[in-house]
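Read through the structure below, which is laid out as structure tokens, and then see the notes.
No hydrogens, no waters, no symmetry mates; every other heavy atom, side chains included, goes into these values. Along the sequence shown, the residues carry numbers beginning at 1.
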Amino acid sequence: MNLNNLPKLSAYSKSTKRRGKGVGSGNGKTAGRGHKGGKARSGYSPAPCCCGIPFYRHFPMRGFSNFRFRTEYAVINLSDIASFDASSMDKKFFHENGLIRSQDCLVKILGTGNLKHSVEIVADKFSASARSAIEKAGGKVIELTAKVEN
């Protein structure tokens with residue numbers, strides 16, 4: 001087979017669209033570029049990140065994030081509680097003494113540190129080590145049932 005004997009493949013010899021060659025061509029006048037603006041000019045190519053919508057919205061969401069549904073607790077350690085001499089402590093006490101920012105937040109007591117005196121603590125959640133350390137020191141644990149609204 002020689003080059004002059006090759007069969008003609010119609011799919012490979014498709015003629016390109018001739019733009020701007022008069023009204024009858026179907027692509028005359030503005031040649032399919034609309035009117036004015038950067039996109040109508042030759043040499044213009046938009047940056048991939050500047051296409052009218054934020055870059056991250058070009059891609060589908062993948063996986064799951066717990067960010068909107070999480071439950072956040074203000075954390076207080078036993079070492080923080082040990083520095084106070086009160087017999088009972090609740091959210092109001094913690095807020096007044098600067099251990100939490102707001103009385104509306106949920107409070108969790110963690111077992112880091114030692115507790116020397118007995119104390120009654122009212123909080124939303126307790127770690128197992130904190131609960132045992134408080135009861136070992138002769139104190140009382142009162143756990144609130146947290147109402148979390150999303």
Side-chain angles (χ1 to χ4, degrees), residues 9 11-12 14-150:
L9 300 173
Y12 292 107
K14 190 175 178 182
S15 59
T16 58
K17 264 191 176 179
R18 299 183 70 215
R19 297 178 181 273
K21 300 296 179 184
V23 178
S25 70
N27 276 300
K29 195 183 173 196
T30 55
R33 288 175 172 260
H35 291 277
K36 299 184 182 178
K39 291 180 183 176
R41 315 284 193 239
S42 65
Y44 173 82
S45 59
C49 61
C50 304
C51 293
I53 63 170
F55 186 68
Y56 68 90
R57 282 176 56 197
H58 285 265
F59 308 104
M61 283 173 47
R62 292 281 185 181
F64 174 76
S65 172
N66 196 38
F67 184 77
R68 292 187 299 172
F69 313 108
R70 72 191 187 281
T71 305
E72 276 193 8
Y73 289 93
V75 175
I76 300 174
N77 287 310
L78 286 180
S79 58
D80 301 329
I81 292 171
S83 61
F84 297 104
D85 252 357
S87 60
S88 67
M89 299 179 185
D90 58 352
K91 287 184 184 182
K92 185 178 180 185
F93 176 85
F94 296 139
H95 178 64
E96 287 171 355
N97 290 290
L99 294 175
I100 59 174
R101 289 186 179 187
S102 168
Q103 290 185 38
D104 301 330
C105 65
L106 300 174
V107 176
K108 183 171 183 177
I109 308 296
L110 299 182
T112 306
N114 295 325
L115 199 60
K116 303 290 184 200
H117 60 284
S118 66
V119 62
E120 181 181 290
I121 299 176
V122 180
D124 297 294
K125 213 167 192 183
F126 293 86
S127 69
S129 59
R131 186 183 299 270
S132 64
I134 293 166
E135 290 170 352
K136 186 178 171 183
K140 189 176 178 185
V141 171
I142 300 172
E143 190 167 341
L144 302 172
T145 55
K147 293 180 182 177
V148 181
E149 295 179 17
N150 287 335

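- What you find for G111 and S129 is that their closest heavy atoms are CA-OG, 3.6 Å.
- With R33 contributing its side chain and T30 its backbone, the two residues share no donor-acceptor pair below 3.5 Å.
- In this structure, L110 and A130 approach most closely via the heavy-atom pair C-CB, 3.6 Å.
- Every salt bridge (charged side-chain N to carboxylate O under 4.0 Å, His left out) that K91 has, sequence neighbours left out, goes to D124.
- Taking the six-membered ring where tryptophan is involved, the planes of F59 and F55 are perpendicular, since the angle between them exceeds 60° and thus also 30°.
- In terms of heavy-atom proximity, I134 sits nearest to K140 at CG2-N, 3.9 Å.
- Across R101 and H95, no two heavy atoms sit closer than the pair O-CE1, 3.0 Å.
- With rounding to the nearest 0.5 angstrom, the CD1 atom of I109 is 11.0 Å from the CZ atom of R131.
- The shortest distance between side-chain heavy atoms of K125 and L106 does not fall below 4.5 Å.
- The distance from atom CG of N77 to atom OG of S83, rounded to the nearest 0.5 Å, is 11.0 Å.
- From I142, atom CD1 reaches atom OG of S88 across 8.5 Å, with rounding to the nearest 0.5 Å.
- The shortest distance between side-chain heavy atoms of Q103 and E96 does not fall below 4.5 Å.
- Side-chain contact check for V141 versus I121: every heavy-atom pair is 4.5 Å or farther apart.
- For N114, the CG atom sits in a loose shell: 12 or fewer heavy atoms of surrounding residues, nucleotides or ligands are nearer than 6.0 Å.
- Closest non-hydrogen pair, R18 versus S25, comes out as O-OG, 4.3 Å.
- K108 NZ to S127 OG: the interatomic distance, rounded to the nearest 0.5 Å, is 6.5 Å.
- Every residue was checked against the ring pair (Phe, Tyr, Trp, His ring centres under 6.0 Å) condition with Y44, not counting sequence neighbours, and none meets it.
- The aromatic rings of F84 and F93 sit perpendicular, their planes meeting at an angle over 60°, well past the 30° parallel limit.
- When all heavy atoms of A137 and H117 are compared, the pair lying nearest together is CB-O, 3.9 Å.
- Here CG of L99 is found 5.0 Å from CD1 of I76. Values are rounded to the nearest 0.5 Å.
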